[in-house]
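So the structure is just underneath, and the comments pick up after that.
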Amino acid sequence: SMFGLFELQPPQFLVQKATGLSSKAGYLGLFFLGAMVGVIAAPCLAPVVVVVLAFAGSSGDPLTGWWLFFALGAGLGLPYIVLGMFSNLLTRLPKSGTWMVWVKRVFGVALIAVALWITHTLWLRSTPTRIDGIAWQSYSPALLAQAAAEKRPVLIDFYADWCIPCKEMDKKTYPNQQVIEKSRRFLMLKADLTHTSLPEVKQLAMQSQIFGVPTTVFIGADGRERADLRQVGFVSSEELLKAMNEARQPTPTNVAPTSSTPNVPAK
């Protein structure tokens with residue numbers, strides 16, 4: 001479509017009807033027209049909203065979440081408010097012409113490049129077996145109980161097949177030789193949150209307080225989560241090594257025990 005191969009447009013009679021409604025229906029009609037635009041734009045905004053939700057959830061501060069979404073809404077709506085208040089600005093906008101066709105083609109090239117990058121990244125699919133020397137096992141409560149009995153620290157990697165940062169960690173972080181050597185002193189578990197609609201996955205995410213993937217959880221030799229070491233998002237090999245070293249130390253007395261230690265298997 002960006003290169004002119006095809007073009008999808010709504011039927012002309014719907015466009016004319018919408019235009020008539022916007023000029024006659026008053027504020028209520030304009031509200032519903034705006035709501036329709038919101039539904040149409042939802043697929044484009046969904047990735048941004050998910051990132052903001054994950055960041056707000058990981059911060060644990062409701063006020064931060066409120067300000068983030070306020071800023072997002074203001075950023076989306078402010079240009080329309082300005083244009084509505086100063087409609088004469090529309091006359092100063094550049095006139096359409098051949099240059100717009102070239103702009104569309106440039107964006108087409110950019111979209112193809114992004115699609116190729118995502119396809120290449122998705123080939124690095126995470127598997128709960130071995131990744132460059134790390135002996136991963138699928139998450140299970142039985143393995144957690146066994147690790148606690150053996151007083152062995154645990155690292156849990158909450159991931160999803162559709163998570164790009166998860167693939168980046170599998171490519172850049174876990175293949176690090178020092179990380180591989182350090183992992184042999186841990187029980188290395190992968191918890192698959194790909195199918196978010198499954199009840200057991202929902203329960204695991206809720207009980208473990210997982211608001212976004214990847215999330216890296218450390219459980220000390222005493223069987224308690226080291227909440228101070230929890231990592232959300234991409235983690236470099238240097239950061240992971242530092243957290244792994246601290247996880248093998250006795251739990252500090254000023255770190256409160258957490259109730260979010262996973263105890264439901266993810267399938």
Side-chain angles (χ1 to χ4, degrees), residues 1-23 29-58 65 67-126 159-173 194 196 211-214 232-236:
S1 175
M2 289 291 199
F3 296 103
L5 181 62
F6 62 90
E7 190 168 351
L8 301 177
Q9 291 183 340
Q12 192 63 29
F13 74 93
L14 286 179
V15 176
Q16 293 175 350
K17 189 171 183 179
T19 304
L21 283 174
S22 63
S23 60
L30 291 173
F31 172 80
F32 284 108
L33 282 174
M36 289 176 60
V37 172
V39 172
I40 295 171
C44 299
L45 292 175
V48 179
V49 173
V50 168
V51 171
V52 175
L53 274 173
F55 185 84
S58 62
W67 276 111
L68 284 172
F69 277 97
F70 177 81
L72 177 63
L76 291 172
L78 191 59
Y80 297 99
I81 295 175
V82 173
L83 289 174
M85 294 177 62
F86 306 98
S87 55
N88 61 320
L89 293 177
L90 293 172
T91 60
R92 301 183 182 181
L93 293 177
K95 302 296 182 183
S96 60
T98 308
W99 69 273
M100 293 187 68
V101 177
W102 284 104
V103 169
K104 192 161 76 168
R105 290 175 181 173
V106 169
F107 277 102
V109 172
L111 287 173
I112 290 175
V114 171
L116 291 174
W117 175 76
I118 291 176
T119 303
H120 170 72
T121 306
L122 288 177
W123 283 342
L124 303 170
R125 176 168 179 160
S126 301
Y159 78 101
D161 288 343
W162 39 260
C163 166
I164 299 299
C166 300
K167 314 294 181 184
E168 291 180 332
M169 287 188 66
D170 286 338
K171 181 180 179 181
K172 301 176 181 178
T173 303
T194 300
T196 55
F211 301 105
V213 288
V232 179
F234 176 83
V235 181
S236 68

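Here the structure is a predicted model, which means the values were calculated and not measured.
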Report task. Tell me, please, which residues at least two apart from Val101 pass side-chain contact (heavy atoms from CB on, under 4.5 Å). Result ->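 Applying side-chain contact (heavy atoms from CB on, under 4.5 Å) to Val101 gives Arg105.
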
Report task. Under the side-chain contact (heavy atoms from CB on, under 4.5 Å) rule, collect the residues that match up with Val106, sequence neighbours excluded. Result ->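 Applying side-chain contact (heavy atoms from CB on, under 4.5 Å) to Val106 gives none.
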
**Report entry** Heavy atoms of other groups near Phe107 CZ, more than 12 under 6.0 Å
**Finding:**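 Incorrect, the count does not exceed 12.
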
Requested in this report: Go through the structure and list residues passing side chain to side chain donor-acceptor pair (under 3.5 Å) with Thr194, not counting sequence neighbours.
Outcome: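 For Thr194 the side chain to side chain donor-acceptor pair (under 3.5 Å) partners, ignoring immediate neighbours, are Asp192.
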
Requested in this report: Show your reasoning for whether side-chain contact (heavy atoms from CB on, under 4.5 Å) applies to Phe211 and Val232.
Outcome: CA-CA 9 Å; Phe211 301 105; Val232 179; over 6 Å; no

Report task. Give a yes or no on whether the backbone of Asp161 and the side-chain of Lys167 come within a donor-acceptor separation of less than 3.5 Å. Result ->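 Side chain of Lys167 to backbone of Asp161, a donor-acceptor pair under 3.5 Å: yes, one is there.
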
**Report entry** Closest approach of Thr173 to Val235 (non-hydrogen atoms, all atoms of both residues)
**Finding:**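 Distance-wise, the nearest heavy atoms are OG1-O, 2.6 Å.
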
Query raised in the report: Which heavy atom in Pro214 sits nearest to a heavy atom in Cys163, and how many Å separate them?
Result: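 For Pro214 and Cys163, the tightest heavy-atom pair comes out as CD-SG, 3.5 Å.
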
Enumerate, atom names and distances included, each donor-acceptor pair closer than 3.5 Å involving a side-chain atom of residues 1-8, sequence neighbours excluded.
| from | atom 1 | to | atom 2 | distance (Å) |
| --- | --- | --- | --- | --- |
| Ser1 | OG | Phe6 | O | 3.3 |
| Glu7 | OE2 | Gln9 | NE2 | 3.1 |

